[in-house]
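Lettering of chains follows the sequences in order, A, B, ..., and the numbering in each one begins at 1.
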There are 2 protein chains.
Amino acid sequence: MGDDKRLRDAAEKLALILAQGGMQKTTARVMTCLLFSQQETLTAADLCAELQISSGAVSGAVKQLTPSGLLERVPAPGSRRDHYRFPDGAWATLMSQQNQLLATMGEVADQGLAAAGDPSTPAGQRMAEMRDFYSFMLRELPPLIERWRTDFTAKQAKQETHQAD
Amino acid sequence: MGDDKRLRDAAEKLALILAQGGMQKTTARVMTCLLFSQQETLTAADLCAELQISSGAVSGAVKQLTPSGLLERVPAPGSRRDHYRFPDGAWATLMSQQNQLLATMGEVADQGLAAAGDPSTPAGQRMAEMRDFYSFMLRELPPLIERWRTDFTAKQAKQETHQAD
DNA sequence: CAAAGATTTCAGAGATCTGTGAATACTCTG
DNA sequence: CAGAGTATTCACAGATCTCTGAAATCTTTG
């Protein structure tokens with residue numbers, strides 16, 4: 001099926017984009033491989049074969065992806081191998097983790113503001129703007145993501161009911 | 001003044017955070033040096049001295065930062081040297097540039113959806129969710145940033161009026 | 001509880017990236 | 001338009017990172 005090749009190409013293309021954005025190249029490839037696979041789950045051996053990488057590399061990528069919620073182990077009854085998959089809602093999870101960064105940026109700005117002493121100094125003004133921006137984002141972004149989550153699950157539920165007709 | 005040391009520490013700390021997030025280490029240091037400086041602007045020579053790096057390194061960092069809107073050249077009357085500064089509204093600019101990425105992610109999802117053929121296949125479902133998420137974000141984020149911009153400039157205007165009293 | 005199957009760890013080779021320092025190219029000024 | 005003062009480019013050395021391949025560890029099963 002030619003579609004598989006198109007999928008694999010799309011996977012590698014996205015991996016490249018993510019790699020340019022700072023993600024480890026192999027880590028990105030593992031992630032997109034799971035994302036674009038027509039299988040529900042893949043084993044480590046599958047990933048080795050598909051991406052032509054060693055088992056050690058897969059292990060490393062799994063280790064990086066799992067805590068970020070971009071990869072999850074799936075219980076595989078009747079198989080001794082671990083099965084991995086790209087979790088539902090992973091993109092929202094990923095975006096949510098930006099919140100941590102937003103909070104950190106806000107804290108740094110606070111410390112900077114304290115260190116600058118006077119808020120009317122050049123550094124003080126920059127810090128004030130920085131703090132204002134990041135506290136704003138930290139206030140607004142989480143509800144936004146939450147809204148998508150509820151909207152999307154509602155949308156899915158409706159679709160399933162429709163299929164059940 | 002001890003405050004300067006605290007500012008410099010905060011600068012280096014933030015540079016480290018940004019470096020972990022994928023930004024070039026020297027690029028991050030140049031940026032935070034401008035951000036936390038009590039000067040309005042710094043020259044390349046200032047940056048060399050402050051950060052103990054070569055002029056070539058500064059040039060490279062400037063080249064990376066400028067297109068992202070995290071650094072701007074400032075006309076310096078009476079000085080032959082270029083003066084650099086951290087622009088007002090840079091954080092909002094930075095966040096806005098995420099929009100480009102959001103759009104790209106959406107496009108990749110579209111292509112993936114087309115390649116997957118049937119949206120009910122595993123890959124098709126993942127693509128559908130991905131597309132839904134990123135188109136949502138692309139729709140919601142820009143107005144949010146715009147709102148901060150207007151709020152913040154209003155806030156500043158009020159403050160200035162207050163000072164003028 | 002032994003043995004097979006699978007994953008993780010780790011040292012080291014190889015590739016990649018980055019900053020230096022010098023040479024080159026600009027750009028003002030007198 | 002010559003010359004001094006800056007900024008940029010570039011080749012290379014040094015540091016960093018990443019994957020491989022093999023050994024070690026863990027886990028399941030007969």
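Minimum heavy-atom separation, A:Lys25 to A:Ala19: CA-CB, 4.2 Å. Nearest approach of B:Arg126 to A:Leu35, heavy atoms of both residues: NH1-O, 3.0 Å. Between B:Ser135 and B:Asp132, the closest heavy-atom pair is OG-O, 3.2 Å. Residues A:Pro67 and A:Gln97 approach most closely at O-NE2, 3.6 Å, considering heavy atoms.
Axis angle, first five pairs versus last five pairs of the helix from C:dC1-D:dG30 to C:dG30-D:dC1: 30°, rounded to 10°.
By the 4.0 Å N-to-carboxylate-O rule, B:Lys13 lies too far from B:Asp9 to be salt-bridged with it. Between B:Asp151 and B:Lys155 no salt bridge is recorded (no basic side-chain N to carboxylate O distance below 4.0 Å).
The distance from atom CG of A:Leu47 to atom P of D:dC19 is 14 Å, rounded to the nearest whole Å. Nucleotide D:dC26 holds its P atom 15 Å from the CZ atom of A:Arg73, rounded to whole Å. In this structure, A:Asp82 atom CG and D:dT25 atom P are separated by 19 Å, rounded to whole Å. Taking atom CG of residue A:Leu71 and atom P of nucleotide C:dT7, one finds them 13 Å apart after rounding to whole Å. We find that CE of A:Met23 is positioned 13 Å from P of D:dT18, with the value rounded to whole Å.
When heavy atoms are screened at a 4.0 angstrom cut-off, A:Arg29 is found touching no nucleic acid atom at all.
In the set D:dT9, C:dT9, D:dT8, the nucleotide with an atom closest to the side chain of B:Tyr84 is D:dT8.
Between A:Leu34 and A:Leu70 there is no side-chain heavy-atom pair separated by less than 4.5 Å.
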**Asked** Tell me, for nucleotides 13-30 of chain C in 5' to 3' order, what letter each nucleotide earns: B for a base near a protein heavy atom under 4.0 Å, S for only sugar-phosphate near one, - for neither?
**Response** -----SSBB------B--
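Applying the side-chain hydrogen bond (donor to acceptor under 3.5 Å, both in side chains) rule to A:Arg73 yields the partners A:Asp82; only residues at least two apart in sequence or on another chain are considered.
Contacts with DNA chain C (heavy atom under 4.0 Å) in residues 33-45 of chain B: none are found.
The list of ring-ring contact (aromatic ring centres under 6.0 Å, His included) pairs with a residue in residues 28-86 of chain A, not counting sequence neighbours, reads A:Phe86-A:Trp91. The salt bridge (Lys or Arg N to Asp or Glu O under 4.0 Å) contacts involving residues 96-119 of chain B comprise B:Asp110-B:Arg131, where partners must be two or more places apart or lie in separate chains.
Remark: side-chain polar atoms of A:Arg85 are not paired, donor with acceptor, to backbone N or O of A:Glu72 under 3.5 angstrom.
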